[in-house]
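Everything numeric here is computed off the predicted structure, so don't read it as measured data. Within every chain, numbering begins at 1; the chains are lettered A, B, ... in the order of the sequence lines, protein sequences first and strands thereafter. Basis for what follows: all heavy atoms, side chains included, without hydrogens, waters or symmetry-related copies.
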2 protein chains.
Amino acid sequence: SVNPDLGSERQTASFSVERLTALLDGGAEQTRIRRAVVEAIESDPVFSRENQYFQTQNERYEAAVRKAVHLQKKMHEMGWTEDGPEYKYIYRALSGDVAFLLHRVFMRSISVLGSDKQIAKWIPLATQHKLIGSYAQTELGHGTYLQGLETTAVFDTATQEFILNTPKISAMKWWPGDMGRSATHTVVFAQLYIHGKCYGIHPFIVQIRSLQDHSLCPGITAGDIGPKMNFEHIDNGYLLLKNVRVPRENMLSKFCEVRPDGTYVRQGSQKINYFTMTTVRISLISDEVLTPLMKACTIAIRYSVVRRQSKLKPGEQEAKILDYQTQQEKLLPQLAAAYAFYFTNDYLQELFNRGYREIQRKNFDMLPELHALSSGFKAVITQHCTAGVEICLRACGGHGYSLLSGLPSLYTKILASCIYEGENTILLLQTARFLIKCFMAASAGQPVPPSVTYLAAVKHGKCPAKNKLDFLRPDIYIEAYQHVAVRLTSNTAAKLQDLIQSGVKKHDAWNQCTVQLVQAAKAHCHYIAVKNFAETVEKLETKAGIQKIMKHLCDLFALHGIFSNTGAFLHDGYTSAAQMDMVTASYLDLLAVIRKDAVPLVDAFDFTDKSLNSALGSYDGHVYQRLYEWAQRSPTNQMSPAYEKYLKPLLHNTLSKL
Amino acid sequence: SVNPDLGSERQTASFSVERLTALLDGGAEQTRIRRAVVEAIESDPVFSRENQYFQTQNERYEAAVRKAVHLQKKMHEMGWTEDGPEYKYIYRALSGDVAFLLHRVFMRSISVLGSDKQIAKWIPLATQHKLIGSYAQTELGHGTYLQGLETTAVFDTATQEFILNTPKISAMKWWPGDMGRSATHTVVFAQLYIHGKCYGIHPFIVQIRSLQDHSLCPGITAGDIGPKMNFEHIDNGYLLLKNVRVPRENMLSKFCEVRPDGTYVRQGSQKINYFTMTTVRISLISDEVLTPLMKACTIAIRYSVVRRQSKLKPGEQEAKILDYQTQQEKLLPQLAAAYAFYFTNDYLQELFNRGYREIQRKNFDMLPELHALSSGFKAVITQHCTAGVEICLRACGGHGYSLLSGLPSLYTKILASCIYEGENTILLLQTARFLIKCFMAASAGQPVPPSVTYLAAVKHGKCPAKNKLDFLRPDIYIEAYQHVAVRLTSNTAAKLQDLIQSGVKKHDAWNQCTVQLVQAAKAHCHYIAVKNFAETVEKLETKAGIQKIMKHLCDLFALHGIFSNTGAFLHDGYTSAAQMDMVTASYLDLLAVIRKDAVPLVDAFDFTDKSLNSALGSYDGHVYQRLYEWAQRSPTNQMSPAYEKYLKPLLHNTLSKL
């Protein structure tokens, strides 16, 4: 039975939830396949996450290894393959709670960076799990700046080996997943030295643990880096190398080879490396960033219609907290953002696929644009979604703060996405560098990539909106976003030039502009996200109410962005104060409109109760019962030695007196 | 030996760190007392937090109980008393990692709400720890809205007892600290019924566990609510009551009494209750909110001068990350906010003391203003400081994400302060209600409390700043903040009136304005914080460089607030776009100025390494060594059963082949 306060929300849906789900999945057939995978995974007790919130880091690790090993069997049983249509749903169905994710990165790096001979040797071994791989790049002292890595690999002509060392503590490998306890092999990135000359960073396959008894190999010191804010299931590791020798054949040599006499040969293009990072950044958006926000919205919105607190009108029943404007203003923009970025992700995927086809034809022209967009959107989407999950958590008050709500884990996990695979500020500055370059080129009449042609068309007009309804016109708000992006880019380019012309050195000038460059990069991405959402809505089927509700969400996403950054739009008078008041009015009106469909809109995400793993967010809305049942299972409800040791002696001396 | 990258930062301090520490403590004598307490606590191994990041919730609870019991002994040994000068430093020295905090609330509620007879009976028992008390107010279904609590207490004239029940699951008490496993007694808030009539919420002393063997008393179901985002050391509990009888004397009866025949008598003023909440909100700011932000700043800023990454100028050594403008822009505004709110706290304390003196003279005139300021500042400071800690965490990249940095624990703990003791949005709306009321009164020429007299003086001028240096004048920026606060309050008051005049019902109209009312309340508090900081700086000693550096921080706090909310200042043209560019220029200049003193400014907070408990933030700056040493102690570096169970069978079948 469904909590009537939740049930009533579903009866008034303005659109078909099932059709929206199919739209998000990319078709009803995809929905069917996804649900079959979810069902197969969730009905298998080995994959259960039921006790996750009660487990220690050690228990989480053990469970993740158990699941990873079991997954191999399961895939075989079910006939699922790594290139089958089910594969992309498996990770989502497991909520990422599985080990050996770096094993896949180990394999990918060999496929991309290894010679045909190396691929032929290592990939079959890895595929059959005859070894467990990891990927050892980051060091204690270096993350962002790869050129600064300090691990060395010195070529010894006499023995035809590389001698690997971490010469100081900051050179120690730190963070690699699966390396703390599981991996037998890893790809180590090290500075290559031949005859005393440094050739820069190169990848080497290094065995770190015995295949006999899993003991550390000679010269290896390795272990787990200890507790983190989340990822308890992953054994992020450290690695010290002391005169560890690997054969010449272990340097991955698709692009560079060391000949037996020590001759260094570079071959082929390294541009593809650039593309690998792009791939990773785009691929993480869906699983690691959008899914957590969609889950958080589902939990917080369902909770907000079963939680009643205080009275909106005297004499009436207590109100659902989603009926308060302030609660709507917290949650509904996050819901709109989840949809907006879902479509941004489609846009990036499509762009990426196009780029990939070009690269296969040896055409690398799209790379700078792809790099700029994937960097900028990785930063903007992770930042926005992380903030969104936090807002959802806080909006659930005390119950949101309990691990049993599921929200703390979503938050502590998504937060890491702002840091890994490129720290966000660094990424935004890369996007900004591209913008400035394109702006200069466009100003000089040179051609620029499609996503930045707008930078050439600087208009000095004013926003033409005449009333609050005009701000529900995509042409109006898209142009406003465009105007801001152009202004921030052109102003910062001008500041940069002024500084350089006044004698400030180029690097100092750049540093003095970075706060504003970051703003420009964000504005660029925000503009593209709004434009893409509006264009997506335009193309949607008009049936079953889908287009209409998506239009509302698009408007909300756009107006929330203006409402939250009024200064950027007011600055040069493009938008007047009177127009900003219209934006506010339309924005607040939209909250009340979308509130009516809030529950159907999260239902369309189609998360099962098991995948939400939340006492607040279940489909039936029986929140308080679940909190109570789950709490009773907590290990904190077992007898504590604290009573016998401390409480009893404290209370004992006066028992007779009370 | 100090890391030279950190040491060099201290040599160039523009002010005396020791003098600034004394200023923050309220005098050199206070500094001496504080350090003596810290030394006594930290040298006692029972209070060690060394293994905190490796412990389970059960282990944390046990340690907290051990510490609480030991603290009694320690206080006796040291001659510390609850009303001595050392007392306020004990909690800080323990970093709050101790049990029985609710025992104090139990005692306070009896002192405030109990009759003289009840105080005489229960306070000595509690003081001597002959029982362990708790405070059971919040229920599963009600936090904010106290009138909605569902637990009942029915008076039985025949037996002269109250019969307590939690009639449905949502009525279950949920969250009370120390109640899950420790408490023997608690104060239960319940709806009082006499002869079928409800008299509203009243407090009752209820024994929940046996003093003989700690088993639950008849009719009591209680336990721990399970894992939370932090506060693992506290046994937040649940409590179900089934026909639990307590004698008539157990209703706390300073203000209301039930006579033996069931006559209900109300006596004295209840306004003092109002004041109790004010006390709690002000008292938590220092320990629970400012201290975590000050610690986070200390950790992140020290780390940012020993972490070198990438090159600012080609050919040079890698740069300290604090030399990047974007890093400065993350951390230095948080440092300025820590100082700003430190002085706001002094302001609130002083106001509170004045209010308390008036109340003792039965003058309650200051209560509404005190309530509005304590509510608004509780919300604004917790929100600002929580965001600040998160920024510090993210600014430390991957290492900030490790529990060993100390930052995740600071964040997950401070986050709760946005929710407890009044959810922030609710509190801001209370402040807003006061503002609207005062604005109406002031507009009608009636007198209003001192903190809001400015609302009457609506000026329609323009900001008079002519160049970027003018924005370093407190009169200029204080007036800008004032202007914004007045505009937001008056505009929202106008919208509210318009809605009501157009026929919208009062409650609906209020709800439709709440997003803007929250903005007005924040602007009011922000204005007062800026004004108070500037006035504090004005009064400081000019010697030893203190006033100068505090002036810089005050400017930074003010300009950061404008830079981050440009729309509010631009909206009605009070500040022009050209002036906003001056603000930006001055703001960015200030970052470079304050960066030079960043380390001395956090050193002045005078946290010991043990109290920071951070591998990144130690005084000597040996970050990488500590991370490595601490990680080696992690339980995740013990043998895992996962190898024998899962990895060995997986790898075993092909050992011969490699």
For chain A, which candidate among [options] shows the most heavy-atom pairs at distances under 4.5 Å?
| options | value |
| --- | --- |
| B:Tyr53, B:Tyr646, B:Tyr401, B:Tyr420 | B:Tyr401 |
| B:Lys313, B:Glu329, B:Arg66 | B:Arg66 |
| B:Ile419, B:Leu140, B:Thr144 | B:Leu140 |
| B:Pro408, B:Ala416, B:Ser310 | B:Ser310 |
| B:Lys506, B:Gln207, B:Lys645, B:Met639 | B:Lys645 |

What option among A:Asp213, A:Leu517, A:Val69, A:Asp235 has the most heavy-atom pairs under 4.5 Å with chain B?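 When all of A:Asp213, A:Leu517, A:Val69, A:Asp235 are compared, A:Asp213 has the most.
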Between A:Gln327, A:Arg308, A:Glu390, which residue shows the highest count of heavy-atom pairs closer than 4.5 Å to chain B?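 Max contact count across the listed options: A:Glu390.
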From [X] atom [atom1] to [Y] atom [atom2], the distance as rounded to the nearest 0.5 Å:
| X | Y | atom1 | atom2 | result |
| --- | --- | --- | --- | --- |
| A:Phe54 | A:Leu404 | CZ | CG | 5.5 Å |
| B:Gln325 | B:Leu591 | CD | CG | 6.5 Å |
| A:Cys418 | A:Gln383 | SG | CD | 5.5 Å |
| A:Ile169 | A:Tyr238 | CD1 | OH | 10.5 Å |

Proximity breakdown for [X] and chain B, heavy-atom pairs closer than 4.5 Å:
| X | value |
| --- | --- |
| A:Tyr411 | side chain |
| A:Tyr587 | neither |
| A:Val515 | both |
| A:Ala568 | backbone |
| A:Leu588 | side chain |
| A:Lys505 | neither |
| A:Thr184 | side chain |
| A:Thr221 | side chain |
| A:Thr56 | side chain |
| A:Leu393 | side chain |
| A:Leu240 | side chain |
| A:Thr412 | both |
| A:Tyr628 | both |
| A:Glu62 | both |

Donor-acceptor pair, distance only, cut-off 3.5 Å: does the side chain of B:Arg307 make one with the backbone of B:Val623?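 Here the side-chain-to-backbone pair does not exist.
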Without swapping roles, check the side chain of A:Asn637 against the backbone of A:Ala631 for a donor-acceptor pair under 3.5 Å.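 Yes: the side chain of A:Asn637 pairs with the backbone of A:Ala631.
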If the plane angle is over 60° it's perpendicular, under 30° parallel, otherwise tilted; pick one for A:His399 and B:Trp174.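 Ring orientation of A:His399 relative to B:Trp174: perpendicular.
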